[in-house]
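Comments concern the structure below.
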Amino acid sequence: MRGKFITFEGGEGAGKSTQVTRLADRLRVRGIEVVTTREPGGSPGAEAMRMLLLEGVVKPLGPTAETMIFAAARDDHVHTVIEPALARGAWVICDRFIDSTRVYQGALGNVDRRIIRALERVTIADAMPNLTFVLDVPVEVGLARVKGRGEASDRFESEDTEFHIQLREAFRDVVQAEPERCVLIDASQQADAVTARIWLAVTERLLKDRVARTAPRAAS
Ligand code: TYD
(Lines give C-alpha, C1' and ligand atoms only; values in the text may rest on other atoms or scores of the structure.)
Protein backbone atom coordinates (compact mmCIF):
# COMPACT_ATOMS: atom_id res chain seq x y z
CA MET A 1 0.00 0.00 0.00
CA ARG A 2 1.27 3.47 -0.92
CA GLY A 3 2.42 5.52 2.08
CA LYS A 4 0.92 8.79 3.24
CA PHE A 5 2.46 12.18 2.69
CA ILE A 6 2.20 14.80 5.45
CA THR A 7 3.59 18.33 5.24
CA PHE A 8 4.13 21.03 7.85
CA GLU A 9 3.90 24.70 6.97
CA GLY A 10 3.89 28.03 8.74
CA GLY A 11 5.82 31.18 9.45
CA GLU A 12 9.04 31.54 11.40
CA GLY A 13 9.26 30.11 14.92
CA ALA A 14 6.05 28.08 14.67
CA GLY A 15 7.80 24.97 16.00
CA LYS A 16 7.53 22.83 12.88
CA SER A 17 10.69 20.81 13.38
CA THR A 18 9.74 19.74 16.93
CA GLN A 19 6.34 18.59 15.73
CA VAL A 20 7.76 16.76 12.72
CA THR A 21 10.02 14.73 15.05
CA ARG A 22 7.24 13.99 17.52
CA LEU A 23 4.79 12.86 14.85
CA ALA A 24 7.41 10.64 13.25
CA ASP A 25 8.13 9.00 16.63
CA ARG A 26 4.45 8.31 17.26
CA LEU A 27 3.97 6.75 13.84
CA ARG A 28 7.08 4.59 14.23
CA VAL A 29 5.73 3.22 17.50
CA ARG A 30 2.79 1.94 15.45
CA GLY A 31 5.20 0.06 13.19
CA ILE A 32 5.04 2.49 10.28
CA GLU A 33 8.23 3.28 8.34
CA VAL A 34 8.62 7.07 8.38
CA VAL A 35 10.93 9.30 6.37
CA THR A 36 11.36 12.85 7.66
CA THR A 37 12.67 15.48 5.35
CA ARG A 38 12.59 19.21 4.62
CA GLU A 39 12.49 21.87 1.92
CA PRO A 40 14.27 23.57 0.39
CA GLY A 41 16.59 20.57 0.39
CA GLY A 42 16.02 16.97 1.43
CA SER A 43 18.22 15.37 -1.26
CA PRO A 44 21.89 16.03 -2.10
CA GLY A 45 21.01 18.01 -5.24
CA ALA A 46 18.31 20.04 -3.51
CA GLU A 47 20.55 20.76 -0.50
CA ALA A 48 23.07 22.37 -2.87
CA MET A 49 20.28 24.60 -4.20
CA ARG A 50 19.12 25.34 -0.64
CA MET A 51 22.43 27.06 0.08
CA LEU A 52 22.03 29.32 -2.93
CA LEU A 53 18.43 30.16 -2.00
CA LEU A 54 18.88 30.89 1.70
CA GLU A 55 22.12 32.80 1.33
CA GLY A 56 20.34 35.17 -1.07
CA VAL A 57 22.54 34.32 -4.06
CA VAL A 58 19.47 33.77 -6.23
CA LYS A 59 17.52 36.84 -5.08
CA PRO A 60 19.09 39.28 -7.58
CA LEU A 61 17.77 37.09 -10.42
CA GLY A 62 14.23 38.10 -9.47
CA PRO A 63 11.24 36.31 -7.94
CA THR A 64 10.37 34.20 -10.99
CA ALA A 65 13.87 32.76 -11.33
CA GLU A 66 13.96 32.18 -7.58
CA THR A 67 10.66 30.27 -7.85
CA MET A 68 12.17 28.10 -10.55
CA ILE A 69 15.16 27.24 -8.37
CA PHE A 70 12.81 26.25 -5.55
CA ALA A 71 10.99 24.12 -8.13
CA ALA A 72 14.21 22.56 -9.42
CA ALA A 73 15.15 21.64 -5.85
CA ARG A 74 11.66 20.19 -5.30
CA ASP A 75 11.83 18.18 -8.50
CA ASP A 76 15.01 16.44 -7.35
CA HIS A 77 13.68 15.93 -3.83
CA VAL A 78 10.35 14.46 -5.00
CA HIS A 79 11.89 12.14 -7.56
CA THR A 80 14.84 10.85 -5.53
CA VAL A 81 13.42 10.80 -1.97
CA ILE A 82 9.67 11.40 -1.55
CA GLU A 83 8.18 9.39 -4.39
CA PRO A 84 10.35 6.26 -3.87
CA ALA A 85 9.50 6.28 -0.14
CA LEU A 86 5.74 6.60 -0.74
CA ALA A 87 5.89 3.89 -3.41
CA ARG A 88 7.44 1.38 -0.99
CA GLY A 89 4.77 2.15 1.63
CA ALA A 90 6.71 4.52 3.89
CA TRP A 91 5.07 7.63 5.26
CA VAL A 92 6.85 10.88 4.46
CA ILE A 93 6.76 13.95 6.70
CA CYS A 94 8.18 17.07 5.11
CA ASP A 95 9.00 20.38 6.79
CA ARG A 96 7.68 22.87 4.15
CA PHE A 97 6.51 21.98 0.65
CA ILE A 98 4.35 23.51 -2.11
CA ASP A 99 2.40 25.80 0.19
CA SER A 100 5.60 27.64 1.11
CA THR A 101 6.08 28.44 -2.58
CA ARG A 102 2.44 29.49 -2.93
CA VAL A 103 2.82 31.79 0.06
CA TYR A 104 6.40 33.16 -0.06
CA GLN A 105 6.83 33.40 -3.84
CA GLY A 106 3.15 33.64 -4.85
CA ALA A 107 1.19 35.65 -2.29
CA LEU A 108 4.14 37.71 -1.04
CA GLY A 109 6.52 37.67 -4.00
CA ASN A 110 3.77 38.33 -6.54
CA VAL A 111 4.88 35.55 -8.85
CA ASP A 112 2.02 34.69 -11.20
CA ARG A 113 -0.17 31.94 -9.80
CA ARG A 114 -0.25 30.18 -13.19
CA ILE A 115 3.54 29.84 -13.16
CA ILE A 116 3.45 28.40 -9.65
CA ARG A 117 0.70 25.91 -10.50
CA ALA A 118 2.46 24.87 -13.71
CA LEU A 119 5.70 24.21 -11.81
CA GLU A 120 3.74 22.20 -9.24
CA ARG A 121 2.35 19.96 -11.95
CA VAL A 122 5.82 19.29 -13.29
CA THR A 123 7.59 18.77 -9.99
CA ILE A 124 5.19 16.92 -7.72
CA ALA A 125 3.22 14.72 -10.13
CA ASP A 126 1.40 12.24 -7.83
CA ALA A 127 3.12 13.42 -4.66
CA MET A 128 0.37 15.76 -3.48
CA PRO A 129 0.29 15.83 0.33
CA ASN A 130 -2.52 13.83 1.92
CA LEU A 131 -2.50 16.14 4.91
CA THR A 132 -0.93 19.54 5.56
CA PHE A 133 -0.58 21.18 8.96
CA VAL A 134 -0.29 24.94 9.00
CA LEU A 135 1.21 25.94 12.34
CA ASP A 136 -0.13 29.35 13.21
CA VAL A 137 1.41 31.73 15.77
CA PRO A 138 1.09 35.46 16.29
CA VAL A 139 3.99 37.20 14.57
CA GLU A 140 5.54 38.54 17.81
CA VAL A 141 5.54 35.05 19.34
CA GLY A 142 7.16 33.47 16.29
CA LEU A 143 9.87 36.08 15.95
CA ALA A 144 10.64 35.98 19.68
CA ARG A 145 11.10 32.21 19.44
CA VAL A 146 13.48 32.57 16.50
CA LYS A 147 15.50 35.20 18.37
CA GLY A 148 15.51 33.00 21.46
CA ARG A 149 17.13 30.20 19.44
CA GLY A 150 20.00 32.60 18.73
CA GLU A 151 20.17 31.55 15.07
CA ALA A 152 21.68 33.81 12.45
CA SER A 153 18.74 35.12 10.43
CA ASP A 154 18.55 33.84 6.86
CA ARG A 155 17.34 35.82 3.90
CA PHE A 156 13.66 35.23 4.73
CA GLU A 157 13.80 35.61 8.50
CA SER A 158 15.34 39.06 8.17
CA GLU A 159 12.28 40.52 6.39
CA ASP A 160 10.35 43.18 8.33
CA THR A 161 7.37 42.68 10.65
CA GLU A 162 4.83 43.69 8.01
CA PHE A 163 6.14 40.86 5.82
CA HIS A 164 5.52 38.36 8.63
CA ILE A 165 1.99 39.66 9.18
CA GLN A 166 1.18 39.13 5.51
CA LEU A 167 2.85 35.74 5.65
CA ARG A 168 0.58 34.62 8.44
CA GLU A 169 -2.51 35.80 6.55
CA ALA A 170 -1.41 34.04 3.39
CA PHE A 171 -0.93 30.72 5.23
CA ARG A 172 -4.37 31.08 6.79
CA ASP A 173 -5.77 31.63 3.28
CA VAL A 174 -4.16 28.38 2.14
CA VAL A 175 -6.12 26.47 4.80
CA GLN A 176 -9.37 28.21 3.87
CA ALA A 177 -8.88 27.39 0.21
CA GLU A 178 -8.21 23.66 0.78
CA PRO A 179 -9.84 22.53 4.03
CA GLU A 180 -9.98 18.90 2.89
CA ARG A 181 -6.16 18.79 2.82
CA CYS A 182 -5.10 21.47 5.30
CA VAL A 183 -5.55 21.84 9.06
CA LEU A 184 -4.81 25.10 10.90
CA ILE A 185 -3.11 24.45 14.22
CA ASP A 186 -2.86 27.00 17.01
CA ALA A 187 0.88 26.69 17.64
CA SER A 188 1.01 29.34 20.36
CA GLN A 189 -0.08 26.62 22.82
CA GLN A 190 2.39 24.45 24.73
CA ALA A 191 4.24 22.02 22.46
CA ASP A 192 2.48 19.01 24.06
CA ALA A 193 -0.95 20.45 23.29
CA VAL A 194 0.10 21.10 19.70
CA THR A 195 1.36 17.50 19.41
CA ALA A 196 -1.95 16.17 20.73
CA ARG A 197 -3.97 18.25 18.28
CA ILE A 198 -1.85 17.06 15.37
CA TRP A 199 -2.14 13.43 16.45
CA LEU A 200 -5.92 13.74 16.61
CA ALA A 201 -6.06 14.94 13.01
CA VAL A 202 -3.70 12.20 11.80
CA THR A 203 -5.78 9.58 13.59
CA GLU A 204 -9.06 10.88 12.22
CA ARG A 205 -7.93 11.58 8.69
CA LEU A 206 -5.30 8.97 7.90
CA LEU A 207 -5.08 6.17 10.45
CA LYS A 208 -8.77 5.29 10.66
CA ASP A 209 -8.63 4.41 7.04
CA ARG A 210 -5.61 2.19 7.58
CA VAL A 211 -7.11 0.39 10.57
CA ALA A 212 -10.36 -0.24 8.66
CA ARG A 213 -8.47 -1.71 5.74
CA THR A 214 -6.13 -3.92 7.78
CA ALA A 215 -8.70 -5.16 10.34
CA PRO A 216 -9.83 -8.77 9.87
CA ARG A 217 -13.31 -9.10 8.38
CA ALA A 218 -16.07 -9.82 10.87
CA ALA A 219 -17.56 -13.29 10.49
CA SER A 220 -20.87 -13.15 8.68
P1 TYD B 1 14.52 27.29 7.00
O2 TYD B 1 15.79 27.69 7.66
O3 TYD B 1 14.34 25.87 6.63
O4 TYD B 1 13.36 27.90 7.83
P5 TYD B 1 12.16 27.39 8.70
O6 TYD B 1 12.78 26.91 9.97
O7 TYD B 1 11.38 28.64 8.85
O8 TYD B 1 11.45 26.35 7.91
O9 TYD B 1 14.37 28.22 5.72
C10 TYD B 1 13.49 28.03 4.74
C11 TYD B 1 13.10 29.38 4.18
O12 TYD B 1 12.80 29.25 2.79
C13 TYD B 1 11.85 29.90 4.86
O14 TYD B 1 12.03 31.27 5.20
C15 TYD B 1 10.79 29.80 3.78
C16 TYD B 1 11.55 29.80 2.50
N17 TYD B 1 10.89 29.02 1.42
C18 TYD B 1 10.37 29.69 0.31
O19 TYD B 1 10.41 30.91 0.22
N20 TYD B 1 9.77 28.96 -0.68
C21 TYD B 1 9.70 27.59 -0.65
O22 TYD B 1 9.14 26.95 -1.57
C23 TYD B 1 10.26 26.92 0.50
C24 TYD B 1 10.20 25.43 0.59
C25 TYD B 1 10.85 27.68 1.50
Side-chain angles (χ1 to χ4, degrees), residues 5-21 23 36-43 45-78 81-82 92-113 115-124 127-129 132-137 139 141-171 174 185 187 191 194:
F5 184 24
I6 302 173
T7 57
F8 281 77
E9 301 277 2
E12 320 299 330
K16 289 184 282 91
S17 50
T18 305
Q19 298 302 333
V20 165
T21 308
L23 177 57
T36 59
T37 186
R38 67 158 180 196
E39 287 208 349
S43 61
E47 288 292 328
M49 289 181 252
R50 175 188 174 90
M51 292 206 322
L52 301 177
L53 286 160
L54 297 192
E55 285 168 9
V57 176
V58 177
K59 193 178 184 185
L61 305 181
T64 304
E66 190 177 44
T67 304
M68 290 193 211
I69 308 282
F70 274 112
R74 181 160 303 132
D75 186 64
D76 188 62
H77 185 212
V78 167
V81 175
I82 298 176
V92 177
I93 308 178
C94 190
D95 187 339
R96 295 196 184 282
F97 197 59
I98 50 167
D99 300 297
S100 283
T101 308
R102 290 183 186 181
V103 165
Y104 284 84
Q105 281 66 53
L108 281 92
N110 290 318
V111 172
D112 192 318
R113 189 188 150 91
I115 296 178
I116 291 184
R117 295 301 163 118
L119 290 169
E120 277 179 15
R121 280 196 297 279
V122 176
T123 55
I124 72 172
M128 188 66 181
T132 295
F133 291 108
V134 172
L135 270 48
D136 179 62
V137 281
V139 170
V141 175
L143 291 180
R145 284 184 188 166
V146 172
K147 277 206 189 106
R149 291 201 296 246
E151 290 166 7
S153 67
D154 64 31
R155 127 134 178 65
F156 293 93
E157 283 168 3
S158 55
E159 304 275 2
D160 63 20
T161 305
E162 182 53 34
F163 174 91
H164 291 284
I165 293 170
Q166 288 176 20
L167 192 66
R168 186 180 184 204
E169 277 314 303
F171 271 121
V174 162
I185 301 285
V194 176

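As the structure lists them, so they are numbered: ligands from 1, and atoms in each ligand from 1. What you see is a predicted model; the values in this text were computed from it and never measured.
- In this structure, the side chains of Thr101 and Arg74 come closer than 4.5 Å at one or more pairs of heavy atoms.
- Ring geometry for Phe8 versus Phe133: interplanar angle of 30 to 60°, hence tilted.
- Using a 4.0 Å cut-off to heavy atoms of Glu12, the atoms of ligand 1 that qualify are 7 (O), 14 (O).
- Atoms of ligand 1 found under 4.0 Å from any heavy atom of Arg74, numbered from 1 in the order shown, are 22 (O), 24 (C).
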Might you work through the side chain to side chain donor-acceptor pair (under 3.5 Å) test for His77 and Glu39, ending with a clear yes or no? CA-CA 8 Å; His77 185 212; Glu39 287 208 349; 2.8 Å; yes
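- Here Ile98 has no heavy atoms under 4.0 Å from ligand 1, in either its backbone or its side chain.
- Using a 3.5 Å distance cut-off with no hydrogens or angles, the side chains of Ser100 and Glu9 do pair a donor with an acceptor.
- Ligand-side atoms of ligand 1 in range of Thr101: 21 (C), 22 (O), range being under 4.0 angstrom from any heavy atom.
- Considering Asp76, Ile82, Val78 in turn, Asp76 is the only one that fulfils the side-chain contact (heavy atoms from CB on, under 4.5 Å) rule with Ser43.
- Residue contacts with ligand 1: Glu39 is placed with no nitrogen or oxygen under 3.5 Å of a nitrogen or oxygen of the ligand (distance criterion only).
- More than 12 heavy atoms of other residues, nucleotides or ligands shown are found within 6.0 angstrom of CE on Met128.
- Summarising the contacts of atom 25 (C) of ligand 1 with Tyr104, Phe97, Phe70, the nearest heavy atom is found in Phe70.
- Looking at Asp95, Leu54, Leu167, Ile116, it is Leu54 that brings a heavy atom closest to atom 12 (O) of ligand 1.
- For Arg50, the closest heavy-atom approach to ligand 1 falls below 4.0 Å.
- Considering only residues two or more places apart in sequence or on other chains, Phe5 meets the ring-ring contact (aromatic ring centres under 6.0 Å, His included) condition with Phe97.
- Between Lys16, His77, Glu66, it is Lys16 that holds the heavy atom closest to atom 5 (P) of ligand 1.
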